[in-house]
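First up is the structure itself, then whatever we jot down about it.
Reminder, nothing fancy here: chain letters follow the sequence lines and each chain counts from 1. What you see is a predicted model, and the numbers here were worked out from it, not measured in a lab.
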Protein chains: 2
Amino acid sequence: MTHTQWTIQEVAQATGISSRTLRHYDQTGLLEPTDTIAGGMRTYDQRALLRLQRILLLRDTGMRLTTIADVLDGSTDDAEALREHRTHLVRERTRVDDQLAAVDATIKAIEKGDTIMPNQMFDGFDHTKYDAEVRERWGGEAADRSDSWWSDLGTDGQHDFRKQLDELNAQWDAVITEGVDPASDRAQEVAKRHVGWMTASWQGQQLEADMLKGISQMYVDDERFAANYNRVSPEGPAFVRDALHVYADRNI
Amino acid sequence: MTHTQWTIQEVAQATGISSRTLRHYDQTGLLEPTDTIAGGMRTYDQRALLRLQRILLLRDTGMRLTTIADVLDGSTDDAEALREHRTHLVRERTRVDDQLAAVDATIKAIEKGDTIMPNQMFDGFDHTKYDAEVRERWGGEAADRSDSWWSDLGTDGQHDFRKQLDELNAQWDAVITEGVDPASDRAQEVAKRHVGWMTASWQGQQLEADMLKGISQMYVDDERFAANYNRVSPEGPAFVRDALHVYADRNI
DNA sequence: GCTTGCGCTTGACGCGGCGTCAACCTGTAG
DNA sequence: CTACAGGTTGACGCCGCGTCAAGCGCAAGC
């Protein structure tokens with residue numbers, strides 16, 4: 001039985017959204033029903049459903065409804081809007097990551113016996129400064145139990161180690177943004193630093209070419225590891241892998 | 001010049017928040033000023049500042065203000081509330097990750113020439129089903145350029161590969177939740193599957209003990225890679241590393 | 001004494017995407 | 001005729017403030 005018109009409930013059930021949502025979309029002009037019959041009852045036809053489907057596709061990305069309207073009505077460039085939204089999502093991701101780090105640090109402190117309580121009375125009294133301080137004192141990272149190498153580094157050393165990682169990530173982001181070739185000098189320079197960092201992290205163990213290739217492959221395969229490098233572009237992880245592959249072939 | 005009372009502006013500047021925020025906290029009862037002088041002007045003393053500091057510490061984790069109030073007034077267990085909040089954050093993180101994947105897939109589709117447009121007219125017409133379908137067709141992942149191995153897998157193979165990774169992650173989560181020892185049989189079984197997966201991903205390359213140890217160390221060192229395993233507990237990455245170390249010593 | 005200006009005060013609306021009443025209409029089955 | 005199912009149009013609520021608007025007390029300069 002194929003209709004050409006559907007009631008609000010039929011549409012709602014089929015798409016898995018609520019009828020309230022459809023009414024809301026009507027009110028805001030995002031999706032108007034094809035026409036209204038009887039006592040003001042909304043009906044939707046195929047064209048409306050198609051638009052709805054596109055709306056939901058974009059909504060799944062977390063894009064704002066007004067932005068979606070702009071995109072679908074053609075008043076904004078699609079790809080442009082999506083890329084802008086993408087950077088927004090990346091920001092949100094780092095925010096959540098930071099909050100997770102903060103919450104872990106706080107839990108750790110509480111379990112150490114302290115209540116939630118700053119170590120010192122307000123001194124210099126600058127919140128942001130205080131915050132960084134606390135996070136440094138508490139580590140801001142998971143426990144490192146059986147890890148003598150790590151603890152041997154000392155607080156300063158650990159701090160350095162993390163700073164290097166951050167710098168590395170920033171440099172990858174930079175070359176990815178520039179759009180150069182993975183085999184270019186710029187990229188290979190970063191690859192070299194990356195390998196240097198890995199070697200340090202591995203306590204000087206010999207890094208062989210195959211090994212490096214295998215690991216860099218994981219940068220692409222493992223979704224969450226890929227998150228490390230897809231900040232500026234979804235091509236990021238593949239770029240890093242390619243650059244490291246080239247480096248391995250040439251230098252190891 | 002050390003005061004014992006501060007005006008709202010002094011507090012605001014010192015902590016970096018706005019005076020509006022302080023008034024809001026007063027209204028909701030989260031932080032009441034020590035007393036009010038003159039024409040109703042709020043003043044804060046040391047005790048109030050201490051409470052404020054704790055508020056901001058928790059607020060930095062993204063915890064809701066009412067929950068913060070409960071914690072500080074002692075009507076909830078601190079650690080309990082934090083852990084609950086933690087799982088909330090983890091959920092949020094996967095949500096953002098999913099949205100990023102969706103946005104990347106959409107961008108890719110657009111650049112392939114299509115406008116934002118479902119491949120088929122509404123057929124079975126179930127939104128969620130449609131969604132999964134689209135994501136599968138478009139890959140839902142970054143481009144894999146020079147990667148013959150990956151493309152040789154075919155769509156089905158790639159799907160399998162990802163499913164295995166997901167299962168692996170779920171199993172790690174499970175054993176971490178259970179709180180067993182990294183050297184226990186349960187954990188070692190997962191470690192074995194993990195190594196199997198890695199070997200597959202590395203195209204059958206021989207995996208040596210040192211290599212495995214080095215990589216698992218990275219699970220802890222690299223913050224974002226650690227994100228893979230800290231979903232159920234901040235101790236997660238260290239647990240995985242320990243389990244893999246044990247496995248390497250025993251079996252390789 | 002009057003004005004100006006600063007710093008504070010108390011409301012109140014706005015945001016985003018709906019969920020969730022409430023009060024009402026309308027067509028159909030019993 | 002009644003009950004019920006399924007629709008309708010408001011309107012408030014959520015959360016953490018930003019952002020006006022209108023007003024008050026106090027000090028300095030005229």
Side-chain angles (χ1 to χ4, degrees), chain A residues 3 5-44 48 52 55-72 81 85 88-89 92 95-96 99 127, chain B residues 3 5-44 48 52 55-72 81 85 88-89 92 95-96 99 127:
Chain A
H3 339 226
Q5 298 277 92
W6 292 270
T7 74
I8 199 168
Q9 282 295 354
E10 288 169 340
V11 175
Q13 294 211 343
T15 56
I17 64 178
S18 73
S19 58
R20 172 69 179 93
T21 298
L22 284 167
R23 273 191 285 273
H24 181 61
Y25 290 174
D26 184 9
Q27 277 190 352
T28 60
L30 178 57
L31 176 70
E32 286 166 16
T34 309
D35 61 352
T36 58
I37 54 170
M41 281 176 59
R42 284 161 248 252
T43 60
Y44 297 83
L52 175 56
I55 289 172
L56 296 179
L57 188 61
L58 289 175
R59 194 188 66 161
D60 278 356
T61 70
M63 189 180 269
R64 314 183 87 86
L65 296 185
T66 53
T67 315
I68 294 180
D70 289 346
V71 169
L72 291 190
H85 179 52
H88 167 71
L89 283 176
E92 218 177 332
R95 181 183 57 81
V96 174
Q99 292 184 342
H127 169 56
Chain B
H3 339 227
Q5 299 278 92
W6 293 270
T7 75
I8 200 170
Q9 281 296 353
E10 287 169 340
V11 175
Q13 295 213 340
T15 57
I17 64 179
S18 74
S19 57
R20 173 68 179 96
T21 299
L22 284 168
R23 272 190 285 273
H24 182 61
Y25 291 173
D26 185 9
Q27 276 190 352
T28 60
L30 178 56
L31 175 70
E32 286 165 16
T34 311
D35 60 353
T36 56
I37 53 170
M41 281 176 60
R42 283 161 248 253
T43 60
Y44 297 84
L52 176 56
I55 290 172
L56 295 179
L57 188 61
L58 290 175
R59 195 188 65 164
D60 278 355
T61 71
M63 189 179 270
R64 313 182 88 85
L65 296 186
T66 54
T67 315
I68 294 180
D70 288 347
V71 169
L72 292 190
H85 179 52
H88 166 72
L89 284 176
E92 218 177 332
R95 179 182 57 80
V96 174
Q99 292 183 343
H127 168 57

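- For the pair B:Leu22 CG and D:dG18 C1', the interatomic distance rounds to 14 Å; values are reported in whole Å.
- Checked options A:Val71, A:Thr15, A:Leu72; the residue passing with A:Ile55 is A:Leu72 (criterion: side-chain contact (heavy atoms from CB on, under 4.5 Å)).
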Fill in: Steps toward side-chain contact (heavy atoms from CB on, under 4.5 Å) verdict (B:Leu58, B:Thr67)
CA-CA 10 Å; B:Leu58 290 175; B:Thr67 315; over 6 Å; no
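- If you take NE2 of B:His85 and P of D:dC15, they are 14 Å apart, rounded to a whole angstrom.
- Atom CD in B:Glu10 sits about 11 Å away from atom P in C:dG7, given to the nearest Å.
- Between A:Arg59 and A:Ile17 there is a side-chain heavy-atom pair separated by less than 4.5 Å.
- Side chains of B:Leu52 and B:Leu56 form a contact here, defined as non-hydrogen atoms less than 4.5 Å apart.
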Worksheet item: Could you walk me through whether B:Leu22 and B:Arg42 pass the side-chain contact (heavy atoms from CB on, under 4.5 Å) check?
Response: CA-CA 10 Å; B:Leu22 284 168; B:Arg42 283 161 248 253; over 6 Å; no
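- Contact annotation: the side chain of A:His88 approaches that of A:Glu92 to within less than 4.5 Å [non-hydrogen atoms, C-beta and beyond].
- In this structure, B:Asp60 places its CG atom 15 Å from C1' of D:dG16, rounding to the nearest Å.
- Nearest heavy atoms, A:Ser19 versus A:Ala12: N-CB, 3.9 Å.
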Discussion item. Across nucleotides 9-18 of chain C, 5' to 3', mark each nucleotide with B, S or - according to how protein heavy atoms within less than 4.0 Å reach it.
Written reply: BB-B---SBB
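- Direction change of the helix axis from one end of the helix from C:dG1-D:dC30 to C:dG30-D:dC1 to the other is 50°, with five pairs defining each end axis (rounded to 10°).
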Which atom pairs, donor and acceptor, lie under 3.5 Å between side-chain atoms of residues 28-38 of chain A and protein residues at least two apart or in another chain?
residue, atom, partner, partner atom, Å
A:Thr28, OG1, A:His24, O, 3.2
A:Thr28, OG1, A:Tyr25, O, 3.4
A:Thr34, OG1, A:Asp45, N, 2.8
A:Thr34, OG1, A:Asp45, OD1, 2.9
A:Asp35, OD1, A:Thr43, OG1, 2.7

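- For B:Ile55 and D:dC15, the CD1 to C1' distance is 16 Å, given to the nearest whole Å.
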